[in-house]
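One structure is given here, and the rest of the page talks about it.
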Amino acid sequence: MNIQLVNKEISDIDSEVLIEFITNSELKDHKNAKILNSAGFKAEQDSTCFLYEKSTLFCGVDSKKSDDLRSACAAMIKVLKSSNYKSAKISVVNKSAIKALVEGIVLGGYEFNEYKSEPKKVVLEDLFLASTDIDFGNLQTIFNEALIIANATCFTRDIVNRAPQEINPQTLSKLAQKLAKENSLECNVLKEDDLAKESMGAMLAVGRASVHESALIHLAYKPKNPKKIISLVGKGLTYDSGGLSLKPATSMVTMKMDKAGACAVLGMIKAVSEMKLDIEVHAFIGAVENMVGGDAYKPDDVLISRSKTTIEVRNTDAEGRLVLADVLDYAQDAVKSDYIFDFATLTGACMIALGQYTTGLMGHSHKLKHDISRAGADSGELISSLPFNNHLKKLLKSEIADISNTASKPYGGAITAGLFLDKFIRDENKNRWMHFDIAGSAYTEAPWDCNVYGATGAGVRLMCEYLKDIK
Ligand code: BES
Ligand code: ZN
Ligand code: ZN
């Protein structure tokens, strides 16, 4: 399917269907009010009504604001994709609508059909977005960037959605190398021997029972004279069985998504390089599979991390923080960056705290939190801050090692996980670091907003929005 922004009056565009977004109050005075009313259409948010004789698809919205347009557009594209029309056109009401429409179409129309023997046939070929804005050039730039970001989000979704027998640390490394080649990025993959040389005892322990070797993937996008240097770190658990602290059968299902942080940072560096932003971006991925076996790491083990901090393992299912402890430590040595952001499906507790739609944001710098929250609002992703405090920090105390990988109380589990990571952030980087818990927002089994079943690509739109305007 091809989406195009065209500098024409909508009436001058030749296409089979006209898409019209309409609010309930606009409906009353609409020239087709009577017939829409007979069809039972009330212009409720995300409802649609096809008037075949008018070749028009009406889409209900609560308002013409981005969030409502994006969601309605996602509902619209599903209807259009299941029709037999080849082309459709939409009038762009304002500048901010452009991004919402692109996201609604690309992300709401996304389907993962890799494993279906007979993928659905889609007749729709062309979607035209029409505008005669005097500043059309600017609109075109917004459109191009929105398309790059939406496609990068789908790229992330595609990897997360792949089955765990297909994506393991090795195949994930191959995908990263392929991306590096296509987008002219630097790429270095550390194998287990290298990880041992780096004394990454925490990360290595997690992957020990897997038949697949763990890997640390480092990608870099380096334009000339960058105005900032950013490090992105991703949790890449290609499968999280829980290890010896085995997950219950029903909780294990969907744990292929425990690589979503890694896939998100791949999507981010892809988008940044395609938008040619003048910032240097590094992506560090801890790619590991958490399995059971005679060689598995155990509750009661004491691990020596790369930073030499010793960690008492009390639960092998709290493995993401162990992997990130070593990758964060490595990343801080590898690059002196202005900011370091990690993305991880880290805790079920984050979902309990914020609901499954919202990413949890943790860190020390109020200014950074504020800037990121703003970008979040502009990106259409939901994000909310979870505050650190010293009382929760004490819950990570271990009697026999420097820190325990599990807090002594379950309350505030997303925050204690964030505080565990904080232990591996050096003093000089405390105000440069933010942790994003995407456990809830990265994957869904029911569609919402522009998300469909499966991976959502959480983090990609948010970070791209932040990085585009970074000062
Ligand atoms: N990968 C999980 C977190 C998760 C849970 C992500 C549900 C998405 C959906 C993580 O490794 C984990 O198992 N965390 C434990 C931590 C606990 C043992 C302290 C959890 O959340 O239960
Ligand atoms: Zn786990
Ligand atoms: Zn996990």
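These numbers come from the heavy atoms of this one structure, side chains and all, not from hydrogens, waters or symmetry mates. The structure presented is a predicted model; accordingly, all values stated were derived computationally and were not measured.
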**Prompt:** Who pairs with Tyr443 by ring-ring contact (aromatic ring centres under 6.0 Å, His included), at least two apart in sequence or on another chain?
**Reply:** none
**Asked** Excluding sequence neighbours, so at least two apart, what forms side chain to side chain contact (heavy atoms under 4.5 Å, CB included) with Glu20?
**Response** Leu18, His30, Thr56, Phe58
**Request:** Can you tell me which residue pairs pass the salt bridge (Lys or Arg N to Asp or Glu O under 4.0 Å) test with a partner in residues 434-454, sequence neighbours excluded?
**Result:** Arg70-Asp449
**Fill in**
Applying side chain to side chain contact (heavy atoms under 4.5 Å, CB included) to Cys187 and not counting sequence neighbours gives Gln177, Ala180, Val189, Leu219
**Message:** Considering only residues two or more places apart or on different chains, which pairs with a residue in residues 214-233 satisfy ring pair (Phe, Tyr, Trp, His ring centres under 6.0 Å)?
**Reply:** His218-His282, His218-Phe284
**Fill in**
Contacts of Ala88 meeting side chain to side chain contact (heavy atoms under 4.5 Å, CB included) (sequence neighbours excluded), chain-then-number -> Val17, Ile19, Leu80, Leu127
**Item:** Results of side-chain hydrogen bond (donor to acceptor under 3.5 Å, both in side chains) for Lys89 - residues two or more places apart only
**Value:** none
**Message:** Run the ring-ring contact (aromatic ring centres under 6.0 Å, His included) test against Tyr85 and tell me which residues pass, sequence neighbours left out.
**Reply:** Phe50
**Request:** Using ring-ring contact (aromatic ring centres under 6.0 Å, His included) as the criterion, list what pairs up with His364, not counting sequence neighbours.
**Result:** Phe388
**Item:** Sole residue of Asp469, Leu467, Leu462 in side chain to side chain contact (heavy atoms under 4.5 Å, CB included) with Glu465
**Value:** Asp469
**Request:** Establish, from distance only, whether the side-chain atoms of Asn168 and Thr238 form a donor-acceptor pair under 3.5 Å.
**Result:** no
**Asked** Residues in side chain to side chain contact (heavy atoms under 4.5 Å, CB included) with Glu182, at least two apart?
**Response** Lys178
**Complete:** In short, salt bridge (Lys or Arg N to Asp or Glu O under 4.0 Å) pairs touching residues 113-133 with sequence neighbours left out are Glu111-Lys120, Glu114-Arg162
**Message:** Going by the rule ring-ring contact (aromatic ring centres under 6.0 Å, His included), which residues pair with Tyr110 if we only count those two or more places apart in sequence or in a different chain?
**Reply:** none
